[in-house]
2 protein chains.
Amino acid sequence: MPQLFRQYDDGMTSQLSPTSHPGGRPPAGEPRWLDAEEQKAWRAWLYSTQLLQDRLDRELTHQTGISHAYYEILVALSETPGRMMRMSELADRCLSSRSRLSHAVSRLEERGWVAREVCAEDGRGQLAVLTARGFAALEAAAPVHVEGVRTHLFDQLTPEQVAAMRDLGETLLRHLDPTAGRR
Amino acid sequence: MPQLFRQYDDGMTSQLSPTSHPGGRPPAGEPRWLDAEEQKAWRAWLYSTQLLQDRLDRELTHQTGISHAYYEILVALSETPGRMMRMSELADRCLSSRSRLSHAVSRLEERGWVAREVCAEDGRGQLAVLTARGFAALEAAAPVHVEGVRTHLFDQLTPEQVAAMRDLGETLLRHLDPTAGRR
């Protein structure tokens, strides 16, 4: 939907023709507008990712009471030794801001799924700890979530498309998050 | 990050071996857990889409004061005759809930970029109208946004990967949004 064609005042849109730029590059200082094919690829990617995220989140929340964001927090904690993690690390791991994560952890505390403790190592910083009830909630939700991911993603794709999806994701991660290899 | 392997109580995770299910399907009623390769593809997709969306939104907001969500609203309005749209259609178009869209439009009204009008056709329902100032703000932001999409997406990909991205997106849209062909 974000319009990346050149905009004209009559409300019509038109892309700069790629052939008007020998070498495929516009003159220095000129925006590198998308051509029609790039625009289609961009919009397909943008819409499909937004719709898939929304669909998975909505179905998971409806069937288990756990949003996708909460689910990610529970999973991240479940994978660590002792099922605990510094709040700052947990925010990084969940691609969340500190304030948004703190708010979410407060909601999970109210459900008895996560507890906050002072970090024993240095007496500073807070740890989030997954409780046994939180782990049980995650175990109960996992089959629902995997069924959603199967239905709305993997069941729609050929093995070649799954391979392409992974290749695309890993290519972008090398640019966007050079630490991704550690995950 | 969402863990879709089977979870064990010792905190270790392990996938069900695909070979344990002749025909590639688990027994009826058994969750269709992801195997290790599927898990990698899923995580690469999930992380890369989240990071790309966050990066584009952050840079656009920082450089222009317009979030990606606001940008999408302005673009949607700019593409219609008269640069106006019913609030309900605008919400659908922007993949937004009514309440979230209403809140965003109020913020854009405060900036003088959008005005609300009563729908003349039926006297019911509200229209959002892009103002001249709103259009100018969109025109000023577009070069920044396209540069972000170039830098963080297209510049990272080969032509074959761009084609695969479009194919993946369009395949998923046929499932997630059968009306997508009209866009």
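So you know, we letter chains A, B, ... as the sequences are listed, proteins then strands, and number each from 1. All heavy atoms count here, side chains included; hydrogens, waters and symmetry mates do not.
Proximity to chain B (any heavy atom under 4.5 Å) is shown, for A:Leu60, by neither the backbone nor the side chain. Using a 4.5 Å cut-off between heavy atoms, B:Asp54 contacts chain A through its side chain alone, with no backbone atom that close. With a 4.5 Å cut-off on non-hydrogen atoms, B:Leu77 does not touch chain A at all.
A 4.5 Å side-chain heavy-atom check between B:Gln53 and A:Gln50 finds at least one atom pair inside the cut-off. At a threshold of 4.5 Å between non-hydrogen side-chain atoms, the residues B:Thr49 and A:Trp45 count as touching. The side-chain heavy atoms of B:Leu153 and A:Trp42, taken from C-beta on, include a pair separated by under 4.5 Å. Side-chain contact between A:Val149 and B:Arg32 is absent, with no heavy atoms from C-beta onward closer than 4.5 Å. Residues B:Leu172 and A:His152 have side chains not in contact (no heavy-atom distance under 4.5 Å, counting atoms from C-beta outward). Contact annotation: the side chain of A:Glu72 approaches that of B:Leu46 to within less than 4.5 Å [non-hydrogen atoms, C-beta and beyond]. Contact check for A:Arg150 versus B:Leu34: side-chain heavy atoms found under the 4.5 Å cut-off.
Chain A forms the most heavy-atom pairs under 4.5 Å with one residue out of B:Val162, B:Leu157, B:Leu52, and that residue is B:Leu52. Chain A forms more heavy-atom pairs under 4.5 Å with one residue of B:Arg55, B:Glu160, B:Glu170 than with any other, namely B:Arg55.
The CD atom of A:Gln156 sits 8.5 Å away from the OG1 atom of B:Thr171 when rounded to the nearest 0.5 Å. Between A:His175 atom NE2 and B:Ser48 atom OG the span is 11.5 Å, to the nearest 0.5 Å.
Taken together through direct or relayed side-chain contacts under 4.5 Å among Ile, Leu, Val, Met, Phe, Trp and Tyr, A:Leu130 and A:Met85 form part of one hydrophobic cluster. A continuous path of ILVMFWY side-chain contacts below 4.5 Å connects A:Leu51 to B:Leu56, so both sit in one hydrophobic cluster. Note on A:Leu127: it does not cluster hydrophobically with A:Ile73, by side-chain heavy-atom contacts below 4.5 Å among ILVMFWY residues. Both B:Leu101 and B:Trp113 are members of a single hydrophobic cluster when ILVMFWY side chains are connected at heavy-atom separations under 4.5 Å. Placement of A:Leu74 and A:Met87 within a single hydrophobic cluster is found when ILVMFWY residues are connected by side-chain heavy-atom separations under 4.5 Å, directly or transitively.
Residue A:Ala164 comes nearest to B:Leu168 through the heavy atom pair C-CD1, 4.3 Å, listed as atom of the first residue, atom of the second, then distance.
Note on B:Glu37 versus A:Arg166: salt bridge recorded, some NZ/NE/NH1/NH2 to OD/OE distance being below 4.0 Å.
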